[in-house]
Each structure stands twice: as structure tokens, then as C-alpha cells.
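Quantities reported herein were computed from a predicted structural model and do not represent experimental measurements.
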Amino acid sequence: MPSFEGRFFSIVLIGRQNPQILTHDFLLKNEVLPKDREPFKGLITEEGSLPFTEFISTPVITSITYGPISITIEENRYQITDNRFEDPPSSPIMSV
């Protein structure tokens, strides 16, 4: 019998999206990131360091990564992924 082993937790929203609005400043200004929860808490408050671990932006796709959490926007898809599969209901992406 196969067994289920979760590796990541992902939410995908389908619809008309604008990839170019996804920036770190946009996420902070609109209070999308829960600044009091990890990994955001540690990354945003550390002085002298980048608040995100990766940022890619092209006209058709934008992706920003904060440690194990990745936010990707394409023209027809918004996806947020938490690569930790410890307790999905307590993941900060559930409240994003």
C-alpha cells in the first residue's frame, strides 16, 4: 500500500493576475506578509541583509522567495508555496 509523505504545501488561485505588482515593498505596504511569524519575522527585521532570499521579475512572471516560502504570479495564476510540511493549517500562507 502506498503511503503519503507530504513535502510542501501550496495554494493556487486561477484568474487574471498582474505579475508586475509583486514586490517586497508591495507585500509590506499592503500588509500581506505576517511580520510577526517566521520566516518573515527573522528576514524582515535583520538589519543589513536582504529581506528575501530570491527575487525574479520578468513581464510574464514574478517570483519572490522568503526562505521556505515562495510567491509566484503569472498572468493567469497566483501560487504561494510553503516547502515545510510540518503542520499545514499553522503555515503562515494560510493567513496570507
Notebook entry, point to check: Got S57 and P19 here, is their nearest side-chain heavy-atom distance under 4.5 Å?
Noted result: no
Check: Are N83 and I69 close enough that some pair of their side-chain heavy atoms sits under 4.5 Å apart?
Finding: no
Item checked: Non-hydrogen atoms of E38 and R84 that approach each other most closely -> O-NH2, 4.1 Å
Notebook entry, point to check: Does F55 reach the side chain of T65, with side-chain heavy atoms less than 4.5 Å apart?
Noted result: no
Margin query: Would you say CD of E75 has more than 12 non-hydrogen atoms from neighbouring residues, nucleotides or ligands within 6.0 angstrom?
Written below: no
Check: Is there a side-chain contact between I61 and T72 (heavy atoms, below 4.5 Å)?
Finding: yes
Checklist line | I80 side, atom CD1; L13 side, atom CG - distance, nearest 0.5 Å | finding: 9.5 Å
Checklist line | Close side-chain approach of Y78 to I14, heavy-atom, < 4.5 Å | finding: no
Next item on the list: For I73 and Q20, run side-chain contact (heavy atoms from CB on, under 4.5 Å): C-alpha distance rounded to whole Å, both residues' side-chain angles, the deciding distance at 0.1 Å, then the answer.
Entry: CA-CA 8 Å; I73 297 181; Q20 294 305 299; over 6 Å; no
Check: Closest approach of E74 and Q17, non-hydrogen atoms and distance?
Finding: O-CB, 3.1 Å
Notebook entry, point to check: Any donor and acceptor pair, going by atom type alone, linking the side chain of T53 with main-chain N or O of G67 inside 3.5 Å?
Noted result: yes
Notebook entry, point to check: Does a side-chain heavy-atom distance below 4.5 Å link E54 with Y66?
Noted result: no
Check: Would you say L27 and I64 make side-chain contact, with heavy atoms under 4.5 Å?
Finding: yes
Note to self: Side chains of L28 and K35, heavy atoms from C-beta outward: is any pair under 4.5 Å?
What the structure shows: yes
